[in-house]
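Single-structure report; data block below.
Chain identifiers are assigned alphabetically (A, B, ...) following the order of the sequence lines, protein sequences preceding nucleic acid strands; residue numbering begins at 1 within each chain. Since this is a predicted model, take the numbers as computed values, not measurements.
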Protein chains: 2
Amino acid sequence: MATGRNHRPATSRSRGIPEATVARLPLYLRALTALSERSVPTVSSEELASAAGVNSAKLRKDFSYLGSYGTRGVGYDVEYLVYQISRELGLTQDWPVVIVGIGNLGAALANYGGFASRGFRVAALIDADPGLSGKPVAGIPVQHTDELEKIISDNGVSIGVIATPAGAAQQVCDRLVAAGITSILNFAPTVLSVPEGVDVRKVDLSIELQILAFHEQRKAGEEPGAPPETDTAPPAAPPAVSVAKRPPESGTDGDLPAVMPA
Amino acid sequence: MATGRNHRPATSRSRGIPEATVARLPLYLRALTALSERSVPTVSSEELASAAGVNSAKLRKDFSYLGSYGTRGVGYDVEYLVYQISRELGLTQDWPVVIVGIGNLGAALANYGGFASRGFRVAALIDADPGLSGKPVAGIPVQHTDELEKIISDNGVSIGVIATPAGAAQQVCDRLVAAGITSILNFAPTVLSVPEGVDVRKVDLSIELQILAFHEQRKAGEEPGAPPETDTAPPAAPPAVSVAKRPPESGTDGDLPAVMPA
DNA sequence: ACATGTGAAAGGGTTCACAGCC
DNA sequence: GGCTGTGAACCCTTTCACATGT
């Protein structure tokens with residue numbers, strides 16, 4: 001999930017298409033769309049794989065789950081594959097989405113071209129700030145949270161995007177779910193709890209950075225002449241055992257503001 | 001990606017900590033930080049797992065890779081674990097990052113509190129638009145792309161965030177890498193090619209939505225009384241080539257009810 | 001009594017390598 | 001000759017279940 005990871009616990013996997021394959025289909029689709037625009041008629045697994053950033057064996061295996069639409073000795077028909085993958089992903093139909101929380105990030109999402117370009121349509125922007133109500137963002141007037149339920153049912157929205165601060169996310173999520181939404185893309189740095197049957201994917205900027213930092217740190221430690229950088233941490237106490245159990249005692253700590261506003 | 005998936009091909013895995021575990025450490029850390037703020041002294045694997053959105057067996061296994069910092073019959077010391085995980089992730093040191101591309105998204109990132117709160121410091125904002133130069137975003141003046149190399153070397157930056165349009169991403173990436181950056185968080189919808197030794201993680205909004213759509217479509221097809229929605233797709237041409245060779249081809253196609261026979 | 005820590009089993013995902021077909 | 005399609009081997013991840021320790 002970001003990322004994306006936390007998904008339904010692998011129960012009843014669609015038509016047998018593995019989750020990992022589903023996650024790569026959009027990648028293939030993007031590469032194929034680019035080829036299509038350049039009027040390239042066919043493409044080999046090797047070429048397409050390299051354009052999508054995967055290896056060719058994986059790509060062929062992935063396509064085999066869709067039914068194997070290629071021609072041996074030739075390759076894949078670009079237009080045909082675009083259609084098949086689009087259909088498999090459900091992009092041949094129109095998906096209205098609502099974005100809740102029109103701060104910096106919400107506005108960025110509303111303006112993001114990638115949404116509109118692939119069957120997704122921003123049906124409404126919703127924010128709790130009355131001062132924003134009526135103001136257009138990306139050409140769409142922001143509506144107040146009070147209207148949330150009505151907007152969703154009137155427009156038949158089934159996908160919601162949460163871009164609120166962390167503190168508001170669960171509450172917004174609950175209302176979205178109660179209003180009938182069954183898929184949520186969450187940008188707030190919180191674990192959302194949802195009932196069975198609702199899909200949540202999360203995108204977490206801070207987590208991605210932390211994973212990078214982990215590997216970066218490792219690189220620095222491995223390099224021959226790499227100085228270990230300034231380390232700001234206190235040694236911290238042992239895991240504490242029997243008596244007087246009191247580890248770090250945040251005396252020299254002085255760091256970690258910890259609150260994560262969206 | 002999420003999520004990030006595309007990472008170094010599992011070569012030489014750090015100190016033996018599995019990649020999947022590394023990706024969850026930030027989740028644990030966030031949950032632990034919240035507990036720490038509430039002055040909770042210890043926590044069980046069950047409680048912490050539920051706060052982080054995973055199951056307890058997984059969490060215990062994950063911690064076992066770090067060295068098993070718990071106490072049987074008791075649980076984990078919150079403060080101590082916060083420190084151990086922070087150290088493992090490299091968050092006890094300061095990581096300067098640069099953000100390239102200060103559009104809607106770049107501005108949102110610059111304002112994102114989660115960056116600053118965990119050892120990451122926005123060292124510079126960079127944009128190709130001369131009109132932006134000098135203007136402050138999130139209190140930091142935007143600098144021109146010409147300065148990119150100098151900024152990176154002067155500040156010892158090793159992590160870069162790309163929030164440019166897709167067309168500019170590879171070029172920016174190349175310059176970042178040439179300037180010495182070895183970790184990149186990419187928000188542009190493109191596959192970046194980088195030399196060996198450079199880590200790339202990508203966050204792709206459109207891909208996450210497409211994955212949701214896939215599952216959403218499946219739900220609609222499974223539900224008893226679910227109307228199949230408006231379908232906007234043309235039948236698309238056959239895979240070309242010769243005469244025979246015809247995949248399933250459901251009789252009177254033309255419409256595609258979006259229902260996949262399970 | 002209770003909760004961690006961990007071998008072992010189970011489940012997915014990736015890669016290999018070659019059979020099959022154009 | 002060239003490229004797809006796929007069983008089989010391999011590897012990583014998750015889950016189970018219980019031994020271990022306090």
Side-chain angles (χ1 to χ4, degrees), chain A residues 1 5-14 16-25 28 41-50 52-78 80-81 84 238-243 245, chain B residues 1 5-14 16-25 28 41-50 52-78 80-81 84 239-247:
Chain A
M1 15 227 143
R5 311 301 130 59
N6 189 18
H7 194 256
R8 72 166 54 188
T11 65
S12 75
R13 246 207 0 252
S14 61
I17 299 181
E19 192 56 35
T21 294
V22 172
R24 281 187 294 266
L25 292 182
Y28 301 144
T42 61
V43 67
S44 71
S45 65
E46 200 71 56
E47 293 165 328
L48 182 54
S50 128
V54 303
N55 71 48
S56 62
K58 197 184 289 185
L59 177 143
R60 288 199 301 277
K61 188 61 125 183
D62 283 342
F63 286 177
S64 80
Y65 294 119
L66 306 187
S68 298
Y69 298 123
T71 308
R72 290 169 204 248
V74 177
Y76 299 91
D77 183 275
V78 171
Y80 189 65
L81 248 194
Q84 289 299 342
V241 253
S242 49
V243 196
K245 162 169 215 290
Chain B
M1 152 151 46
R5 306 296 146 58
N6 191 15
H7 194 257
R8 72 167 54 188
T11 64
S12 75
R13 247 206 359 252
S14 59
I17 301 181
E19 192 56 35
T21 295
V22 172
R24 281 187 294 267
L25 293 182
Y28 301 143
T42 61
V43 67
S44 72
S45 64
E46 201 72 56
E47 294 164 329
L48 182 54
S50 129
V54 303
N55 71 48
S56 62
K58 197 184 288 184
L59 177 142
R60 288 200 303 276
K61 189 57 124 185
D62 283 343
F63 286 178
S64 81
Y65 294 119
L66 306 186
S68 300
Y69 298 122
T71 307
R72 292 171 204 247
V74 178
Y76 299 91
D77 182 277
V78 171
Y80 188 65
L81 248 193
Q84 289 299 342
V241 188
S242 57
V243 190
K245 176 77 186 304
R246 283 292 58 240

Quiz prompt | Min side-chain heavy-atom separation B:Leu81-B:Leu48 under 4.5 Å | solution = yes
Quiz item: Within the structure, does a side-chain N or O atom of B:Asn55 lie under 4.0 Å from either OP1 or OP2 of D:dT15?
Solution: yes
Practice problem: Using a heavy-atom cut-off of under 4.0 Å over every strand shown, decide if A:Tyr76 touches base, sugar-phosphate, or nothing. | Solution: sugar-phosphate
Quiz prompt | Atom pair distance, as rounded to whole Å: CG in A:Leu48 and C1' in D:dC3 | solution = 14 Å
Quiz item: Does B:Tyr65 put a side-chain nitrogen or oxygen below 4.0 Å from OP1 or OP2 of D:dC12?
Solution: no
Quiz item: Expressed in angstrom and rounded to an integer, what is the separation of B:Lys58 atom NZ from D:dC12 atom C1'?
Solution: 13 Å
Exercise. Just compare D:dT15, C:dG13, D:dT13 and give me whichever is closest to any side-chain atom of B:Pro18.
Key: D:dT13
Practice problem: Report yes if a donor N or O on one partner sits less than 3.5 Å from an acceptor N or O on the other, where the partners are the side chain of A:Arg60 and the base of D:dG5; otherwise report no. | Solution: yes
Quiz item: In terms of the nearest nucleotide of DNA chain C, which residue is placed more toward the 5' end: A:Ala20 or B:Phe63?
Solution: B:Phe63
Exercise. Map A:Ala57 and B:Arg24 onto DNA chain D by nearest heavy atom, then report which one ends up closer to the 5' terminus.
Key: A:Ala57
Quiz item: Any side-chain heavy atom of A:Leu59 within less than 4.5 Å of one from A:Tyr76?
Solution: yes
Practice problem: Please report the closest heavy-atom contact between A:Ser68 and A:Ser64, naming both atoms and the distance. | Solution: OG-CA, 3.4 Å
Quiz item: After noting the C-alpha distance and the side-chain angles of A:Tyr28 and A:Leu66, does the key distance pass the side chain to side chain contact (heavy atoms under 4.5 Å, CB included) rule?
Solution: CA-CA 13 Å; A:Tyr28 301 144; A:Leu66 306 187; over 6 Å; no
Quiz item: Taking only N and O in the side chain of B:Ser64, is any of them less than 4.0 Å away from OP1 or OP2 of C:dT4?
Solution: no
Practice problem: Write down the distance between CD1 (B:Ile17) and P (D:dT13), rounded to a whole number of angstrom. | Solution: 12 Å
Quiz item: Is any side-chain N or O of A:Arg72 under 3.5 Å from a base N or O of D:dT4, one able to act as donor and the other as acceptor?
Solution: yes
Exercise. Considering just the side-chain nitrogens and oxygens of B:Lys61, establish if one lies under 4.0 Å of OP1 or OP2 belonging to D:dT14.
Key: no
Practice problem: May I ask you to evaluate whether A:Ser45 reaches the phosphate of D:dT4, defined as a side-chain N or O under 4.0 Å from OP1 or OP2? | Solution: yes
Quiz item: Atom CD of B:Glu46 and atom P of D:dC16: how far apart are they, to the nearest Å?
Solution: 12 Å
Quiz item: Tell me: CG of B:Leu81 to C1' of C:dG5, nearest whole Å?
Solution: 14 Å
Quiz item: How many Å lie between CG on A:Asp62 and P on C:dT15, as a whole number?
Solution: 11 Å
Quiz item: Phosphate oxygens OP1/OP2 of C:dA3: is one of them under 4.0 Å from a side-chain N or O of B:Thr71?
Solution: no
Exercise. Return the value, rounded to whole Å, for the distance between atom CG of B:Leu66 and atom P of C:dT6.
Key: 12 Å
